[in-house]
Amino acid sequence: MIINHRGTLSVRRRSTQSNKILTLVQQFPFRTAMELTKKAGRQRISRMSIHKRLTELRQQGVLRNRNPRVCMVTGRRAATWAPVVKGRV
């Protein structure tokens with residue numbers, strides 16, 4: 001984790017942003033990253049931040065990718081995201 005000149009504030013901000021993304025995926029499971037970006041529009045989280053946080057949350061074992069499908073935003077095939085449910089594979 002990188003800490004900038006603001007110190008722990010940036011760490012808290014990242015954690016808060018990750019929690020917002022996790023909540024977004026819990027509210028809208030099986031959506032693509034771009035669909036989630038559109039849903040997060042009011043929260044002022046950038047597209048790049050959402051993509052980065054989704055990957056970080058997957059590495060932490062909190063989210064997982066599901067079957068790809070055609071994205072309603074881009075019209076391209078893309079992976080969907082879902083929260084990990086304990087006890088399920």
Side-chain angles (χ1 to χ4, degrees):
M1 190 174 305
I2 298 171
I3 300 174
N4 64 14
H5 67 281
R6 294 180 186 162
T8 57
L9 180 61
S10 66
V11 175
R12 284 190 196 131
R13 190 173 287 159
R14 176 175 283 182
S15 177
T16 300
Q17 198 173 66
S18 292
N19 287 334
K20 285 180 182 180
I21 303 299
L22 178 59
T23 301
L24 192 65
V25 174
Q26 290 169 337
Q27 291 174 346
F28 303 103
F30 309 106
R31 303 288 176 117
T32 67
M34 288 301 291
E35 291 167 352
L36 291 168
T37 299
K38 191 171 181 180
K39 293 285 183 189
R42 286 178 249 156
Q43 297 180 23
R44 297 185 182 207
I45 304 171
S46 74
R47 176 179 64 86
M48 292 307 296
S49 293
I50 289 177
H51 285 266
K52 288 178 184 178
R53 300 303 161 251
L54 287 170
T55 303
E56 288 174 1
L57 290 166
R58 181 182 58 200
Q59 290 171 347
Q60 294 171 10
V62 180
L63 294 180
R64 64 182 178 160
N65 289 111
R66 300 300 296 165
N67 298 334
R69 62 169 176 74
V70 175
C71 176
M72 292 184 280
V73 176
T74 65
R76 296 180 182 178
R77 198 164 162 80
T80 58
W81 295 87
V84 171
V85 179
K86 292 184 180 182
R88 287 190 172 179
V89 178

(request) First locate atom CG of L24, then atom CD of Q27, and finally report the distance between them rounded to the nearest 0.5 Å. (result) 6.5 Å

(message) For E35 versus V70, what's the shortest heavy-atom pair and its separation?
(response) OE2-O, 4.4 Å

(request) Considering only NZ, NE, NH1 and NH2 on the basic side and carboxylate oxygens on the acidic side, decide whether E56 and R53 come within less than 4.0 Å. (result) yes

(request) Hey, could you give me the CD/OG distance between Q17 and S46, rounded to the nearest 0.5 Å? (result) 6.5 Å

(message) Counting C-beta onward and ignoring hydrogens, is there a side-chain heavy-atom pair between R58 and W81 closer than 4.5 Å?
(response) yes

(message) Ignoring hydrogens, what is the shortest heavy-atom contact between I50 and A40? Give both atom names and the distance.
(response) CD1-CB, 3.7 Å

(message) In the structure I gave you, are the side-chain heavy atoms of R31 and R66 within less than 4.5 Å of one another anywhere?
(response) no

(request) Can you measure from NZ (K52) to CZ (R47) and round to the nearest 0.5 angstrom? (result) 11.0 Å

(message) Quick check: closest heavy atoms across A79 and N65, and the distance to 0.1 Å?
(response) CB-ND2, 3.7 Å

(request) Search all heavy atoms of T80 against all heavy atoms of N67 and return the closest pair with its distance. (result) OG1-O, 3.2 Å

(request) Quick one: closest heavy-atom pair of H51 and M34, and the distance? (result) NE2-SD, 4.0 Å

(message) For the OG1 atom of T32 and the CZ atom of R77, what is their distance to the nearest 0.5 Å?
(response) 12.5 Å

(request) Give the cluster check for V62 versus I45: same hydrophobic cluster or not, with ILVMFWY residues linked at side-chain heavy-atom distances below 4.5 Å. (result) yes

(message) If hydrophobic clusters are built by linking Ile, Leu, Val, Met, Phe, Trp and Tyr wherever their side-chain heavy atoms come under 4.5 Å apart, do V25 and F28 end up in the same one?
(response) yes

(request) Compare all side-chain heavy atoms of L63 with those of L54 and state whether any distance is below 4.5 angstrom. (result) yes

